[in-house]
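Keep in mind the model is a prediction, meaning the values are calculated, not measured. Just the heavy atoms: all of them, side chains too, but no hydrogens, waters or symmetry mates, feed the values below.
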Amino acid sequence: MTSETTQHLAPDDGDGDTADASAAEFTAHRPRMFGLAYRMLGSAEEAEDTVQDAYLRWSGADRASIAHPAAWLATVVTRLSLNRLTSARAKREEYPGPWLPEPVFTRDGALGPLESAERRDAVSTALLVLLERLTPTERAVYVLREAFAYSHREIAGVLGLGEANCRQVYGRAVRRLERPEARFAPVREQRHRLVESFVTAAREGDLAGLERLLAEDVVWSSDGGGRVSAARRPIVGRDAVLRFLAGVARRAEEGTEIALAEVNGAPALVSHREGTLLAVTTFEVRDGAISGAGVVMNPDKLAFAGRQLAGGSLLE
C-alpha cells in the first residue's frame, strides 16, 4: 500500500493526528497481512481487497480495546480470507483449464522476508496449488502454523476452535498435502542455475539445450483462464513438452522478451513486450532437472505482477 493509498484510506474524523497515527500503525502491519491473505487465497488481487476490508474494520474499531494489534489484524484477515475462500472454491471448480495462483514478484519484499528455504517454500507455486486440496479451515490452520509459526493455542483463538481440534485439523492437512519430495528440495543455487539455463536456451531457441534440462516425466501446465489461448490440459513428458515449446516459439510475436526474475520466492521466466507482462513461468525442480512448470497467461492474474513490474526493476 503506497503512502498515497494510506492517506486516501485514513478516515476524516476531525482528528488528523489520530487518523494519521492509525493509518501509520496499520501500514506497519500491512506486509504481514497481505502475505497471510495471499497464502490463504492464492490471489494477489483478492489479498489486496481483503487487506482493504481489514483497514475499514480497523478504522472503525475502538483502538483502546485492542491490546495486540498484530494479533487482532491477523484474526480479522484470516476470517475475511475464509469468507472469500469459501465462495472462490466454487468458481475454481468451473475454471477453464488448469488453475494456478497469481504470481507475485518477491525480490521487493512483497510477501515479507523470505530468508529461509521454509519461508520460500511457503509461498511457492507448487505449495499454493497443493493447498487447493484442503478445506478452508485446514488451509487456515496450515498457513498460520507453517508460514507464521502460530501455536495451536493461538490458532484456536483466531479461528474460534478448540486447541485439540486445531491439532487434529493440522495433522489432517499435513497428511492431505502428501509432500515427501519437500525433504529433497534442491538448494537455491542449483534451482537458479537450472532456470537461468532454461531462460538462455529459450531465448536462443535451443531445443537441444531445453531437452537436457527437462526431466523425462516433466509436466507443463498453462493457465489462460479462457482469456487467452492456452493448453486446456497439462502436457506430460519431455518429448510432448518440447514439441509444445517449439510451437510456442514459432508463434511468439516479434518484440517479445524473456527475462529471469524472482517470483514466489524462486527463479522464474518472465515474458513481456513493450512494457506489458505476457506470462510468468514458475518451475519445480527434482533430481537436478526441471520436473514441472506452471505458466500464468490469464491477464487478470497478471495484473498485480504487472503493476509491480511497472513500479521498479525486478528483472535480472
task = For Leu278 and Leu302, run side chain to side chain contact (heavy atoms under 4.5 Å, CB included): C-alpha distance rounded to whole Å, both residues' side-chain angles, the deciding distance at 0.1 Å, then the answer.
result = CA-CA 8 Å; Leu278 302 176; Leu302 294 173; 5.8 Å; no
Is there a path of hydrophobic side-chain contacts, each under 4.5 Å between heavy atoms of I/L/V/M/F/W/Y residues, joining [Y] to [X]?
X	Y	value
Leu100	Ile290	no
Leu41	Tyr55	yes
Val219	Phe244	no
Leu269	Val296	no
Val104	Val280	no

key: Cation over ring face, Arg238 and Trp220, 6.0 Å, 45°   =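 Because its charged atom misses either the 6.0 Å distance or the 45° angle limit, Arg238 does not stack over Trp220.
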[Y] side chain reached by [X] side chain, heavy atoms, under 4.5 Å:
X	Y	result
Val129	Pro101	yes
Glu146	Arg39	no
Pro103	Thr125	no
Leu131	Val143	yes
Trp58	Leu73	yes
Leu161	Gln168	no
Met33	Phe26	yes
Arg84	Asp49	yes

[X] and [Y] ion-paired at < 4.0 Å:
X	Y	answer
Glu163	Arg167	yes
Glu132	Arg139	yes
Glu45	Arg307	yes

Is a side-chain N or O of [X] found less than 3.5 angstrom from the main chain of [Y], in a donor-acceptor match?
X	Y	answer
Asp223	Trp99	no
Arg63	Ala61	yes
Glu138	Ala173	no

key: Contact list for residues 69-81, test side-chain hydrogen bond (donor to acceptor under 3.5 Å, both in side chains), sequence neighbours left out   = none
Shortest non-hydrogen contact from [X] toward [Y]:
X	Y	answer
Leu260	Pro267	CD1-CB, 4.1 Å
Leu277	Leu309	CD1-CD2, 4.0 Å
Ala202	Ile258	CB-CD1, 4.1 Å
Ala268	Val195	N-CG1, 4.1 Å
Ala261	Val270	CB-CG2, 3.8 Å
Val77	Ala54	CG2-CB, 3.9 Å

key: Working for side chain to side chain contact (heavy atoms under 4.5 Å, CB included), residues Asn165 and Leu159   = CA-CA 11 Å; Asn165 190 9; Leu159 298 178; over 6 Å; no
inquiry  = With a sphere of 6.0 Å drawn around CZ of Arg203, does it hold more than 12 non-hydrogen atoms of other residues, nucleotides or ligands?
reply    =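 Check passes, neighbour count above 12.
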Could you pull out every donor-acceptor pair under 3.5 Å between side chains of residues 224-234 and any protein atom, sequence neighbours left out?
unit_1	atom_1	unit_2	atom_2	d
Arg227	NH1	Asp300	OD1	2.7
Arg227	NH1	Asp300	OD2	2.8

Separation between [atom1] of [X] and [atom2] of [Y], rounded to the nearest 0.5 Å:
X	Y	atom1	atom2	answer
Leu194	Arg212	CG	CZ	12.5 Å
Arg119	Leu114	CZ	CG	8.0 Å
Glu216	Glu211	CD	CD	10.5 Å
Glu284	Ser124	CD	OG	8.0 Å
Ile155	Arg153	CD1	CZ	12.5 Å
Ile235	Leu245	CD1	CG	7.5 Å

query = Yes or no on side chain to side chain contact (heavy atoms under 4.5 Å, CB included) for Leu315 and Glu257, after CA distance, side-chain angles and deciding distance?
reply = CA-CA 11 Å; Leu315 304 180; Glu257 298 182 48; over 6 Å; no
message = Tell me which one of Arg191, Arg107, Arg120 satisfies salt bridge (Lys or Arg N to Asp or Glu O under 4.0 Å) with Glu262.
response = Arg120
request  = Tell me, with the steps shown, if Leu130 and Tyr142 meet side chain to side chain contact (heavy atoms under 4.5 Å, CB included).
outcome  = CA-CA 12 Å; Leu130 285 177; Tyr142 185 87; over 6 Å; no
inquiry  = By the ring pair (Phe, Tyr, Trp, His ring centres under 6.0 Å) test, which pairs, at least two apart or in different chains, include something from residues 273-316?
reply    =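 Found Phe34-Phe304, Phe198-Phe283.
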